[in-house]
Amino acid sequence: MCGRYASTARRADLLEQFQIDDDKADEPNGPDYNVAPTKLAPVVISRALLDGPKDAAAVRQLRLFKWGLIPFWAKDTRIGNRLVNARSETVHEKPAFRAAFKSRRCLIPVDAFYEWFETDKLSEKTHKPFKQPFAFRPIDGSSLALAGVYEVWKDKSLPEDDPASLLRSYTIITTTATDEIGRIHDRMPMAIAPDDWDLWLDPTVKDPADVKALMSPPTGLEIYAVSTAVNDVRRNNGPHLLDPLPAS
């Protein structure tokens, strides 16, 4: 799975990277080295503007969505806590994701992601196998555009014209880990190459086979152990979370 990542790029850099106009972008909450489920994080979508004409073309936008997809048909938002990832093998057919996969795909800007390796050592606190966190990030210092889908959930307890009645959320699509990463964890996120961003985001491209062909596991990653400080989302954030552990 992919249950934690770093998203630290400045708004201006994201607008340049994804070629988004300034007036079509939300303001990120600042660099976040410990993005966890339920947090708001930047995502890139292509959709007609809400205040535009009904027949307006889709335009690329940078928006803040909640991590943990809430299907439009859900009775409440708690289901999102379980839907932080979607398996690439079944995303086109699972009830929670299939509608979004057809026309509400997104890109998630990521500088690094974390996974945990279960060791043979027992934790002194829990007496369970100690899990060592690892960071995965591009060797060349670039960022990743992870594959995701998003949904818009309506809170029927609020007036229809109340902007707060709409909750936008997303999930990250994962696949079987490559050999390089599989020694740490059995799943990893999918990425979309820059040349394929237009097709991936295009809401009129709906054939599952065509869309699936655009996804691939990220390559060229450096992999190293990091401090367990990343485990505590509430207390720990900052660039130090990506510092490699000193060699023992």
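This structure is a prediction, so every number in the text was calculated from the model and none was measured.
- Between the OH atom of Tyr33 and the CG atom of Asp243 there is a distance of 10.0 Å, given to the nearest 0.5 Å.
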### Query
Would Arg105 and Asp202 count as a salt bridge (charged side-chain N to carboxylate O under 4.0 Å, His left out) if you check the C-alpha gap in whole Å, the side-chain angles of each, and the deciding distance to 0.1 Å?
CA-CA 8 Å; Arg105 296 177 297 274; Asp202 188 342; over 6 Å; no
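- How far CZ of Phe117 is from CZ of Phe134: 7.0 Å, rounded to the nearest 0.5 Å.
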### side-chain contact (heavy atoms from CB on, under 4.5 Å) between Val149 and Leu69, worked out
CA-CA 8 Å; Val149 297; Leu69 187 135; 3.9 Å; yes
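- In terms of the side-chain hydrogen bond (donor to acceptor under 3.5 Å, both in side chains) criterion, residue partners of Trp116 (sequence neighbours excluded) are, by chain and number, Asn231.
- Salt-bridge check for Asp111 with Arg137: failed, with every basic side-chain N at 4.0 Å or more from each acidic carboxylate O.
- Note that the CD atom of Glu180 and the CD1 atom of Ile223 stand 4.0 Å from one another [nearest 0.5 Å].
- Taking both residues in full, the closest heavy atoms of Val43 and Ile108 are given as CG1-CG1, 4.1 Å, listed atom of the first, atom of the second, then distance.
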### Query
Going through the distances and angles, do Leu107 and Phe18 end up as a side-chain contact (heavy atoms from CB on, under 4.5 Å)?
CA-CA 10 Å; Leu107 299 170; Phe18 292 99; 3.9 Å; yes
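- For the pair Val59 and Arg47, the minimum side-chain heavy-atom distance is 4.5 Å or more.
- The minimum heavy-atom distance between Pro28 and Pro42, with the atom names listed, is CB-CG, 4.1 Å.
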### Query
Please walk me through it: do Asp21 and Arg60 pass side-chain contact (heavy atoms from CB on, under 4.5 Å)?
CA-CA 8 Å; Asp21 293 336; Arg60 200 174 287 186; over 6 Å; no
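- The 12-atom threshold is exceeded at NZ of Lys154, counting heavy atoms of other residues, nucleotides or ligands nearer than 6.0 Å.
- One finds the CG atom of Asp13 at 9.0 Å from the OG atom of Ser143 (value rounded to the nearest 0.5 Å).
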### Lys212 and Glu93: CA distance, side-chain angles, deciding distance, salt bridge (charged side-chain N to carboxylate O under 4.0 Å, His left out) verdict
CA-CA 12 Å; Lys212 280 192 166 190; Glu93 59 187 14; over 6 Å; no
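- Heavy-atom neighbours of Glu16 CD from other residues, nucleotides or ligands within 6.0 Å: at or below the threshold of 12.
- The cluster map of Ile, Leu, Val, Met, Phe, Trp and Tyr, joined by side-chain heavy atoms under 4.5 Å apart, puts Tyr114 and Tyr224 in the same cluster.
- The nearest pair of heavy atoms linking Val230 to Leu241 is N-CD2, 3.8 Å.
- No side-chain heavy atom of Leu167 sits under 4.5 Å from any side-chain heavy atom of Val152.
- Ring geometry for Trp67 versus Tyr5: interplanar angle of 30 to 60°, hence tilted.
- In summary, Arg168 and Glu151 do not engage in a salt bridge, as defined by a charged side-chain N under 4.0 Å from a carboxylate O.
- Residue Gln19 qualifies as open at atom CD: its count of foreign heavy atoms under 6.0 Å is 12 or below.
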### Task
Apply side-chain contact (heavy atoms from CB on, under 4.5 Å) to the pair Tyr170 and Ile45, showing each step before the final yes or no.
CA-CA 11 Å; Tyr170 69 97; Ile45 66 172; over 6 Å; no
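- Atom NZ of Lys39 sits in a crowded spot, with more than 12 heavy atoms from other residues, nucleotides or ligands closer than 6.0 Å.
- Looking at Arg11 and Asp26, no side-chain N of the basic residue comes within less than 4.0 Å of a carboxylate O on the acidic one, giving no salt bridge.
- Residues in residues 81-101 take part in no ring-ring contact (aromatic ring centres under 6.0 Å, His included) pair, two or more places apart or across chains.
- Side-chain contact check for Leu62 versus Lys24: every heavy-atom pair is 4.5 Å or farther apart.
- The nearest pair of heavy atoms linking Ser88 to Met215 is CB-CE, 4.0 Å.
- Side-chain contact between Leu221 and Ile181 is present, with heavy atoms from C-beta onward closer than 4.5 Å.
- Rounding to the nearest 0.5 Å gives a distance of 13.0 Å between NZ of Lys94 and OG1 of Thr171.
- Between Phe136 and Phe113, the distance from one ring center to the other falls under 6.0 angstrom.
- In this structure, Pro133 and Thr228 have side chains that are in contact, with non-hydrogen atoms separated by less than 4.5 Å.
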### Message
Using side chain to side chain donor-acceptor pair (under 3.5 Å), reason through Arg187 and Asn85 one step at a time and then give a plain yes or no.
### Response
CA-CA 10 Å; Arg187 304 289 295 180; Asn85 290 156; over 6 Å; no
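- The shortest distance between side-chain heavy atoms of Lys156 and Leu158 does not fall below 4.5 Å.
- More than 12 heavy atoms of other shown residues, nucleotides or ligands fall within 6.0 angstrom of atom CD in Glu27.
- Contact detail for Ser165 and Asp162: the closest heavy-atom pair is OG-O, 2.7 Å.
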### Query
What do the steps show when you test Phe65 against Tyr150 for ring pair (Phe, Tyr, Trp, His ring centres under 6.0 Å), and what is the final call?
CA-CA 8 Å; Phe65 288 177; Tyr150 71 95; 5.4 Å; yes
### Task
With side chain to side chain donor-acceptor pair (under 3.5 Å) as the test, would you mind laying out the steps for Asn236 and Asn34 before giving the verdict?
CA-CA 8 Å; Asn236 297 325; Asn34 210 354; over 6 Å; no
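- Looking at every heavy atom in both residues, Glu222 comes nearest to Ile139 through N-CG1, 3.4 Å.
- Atoms OG and CG, from Ser7 and Leu144 in turn, are 11.0 Å apart once rounded to the nearest 0.5 Å.
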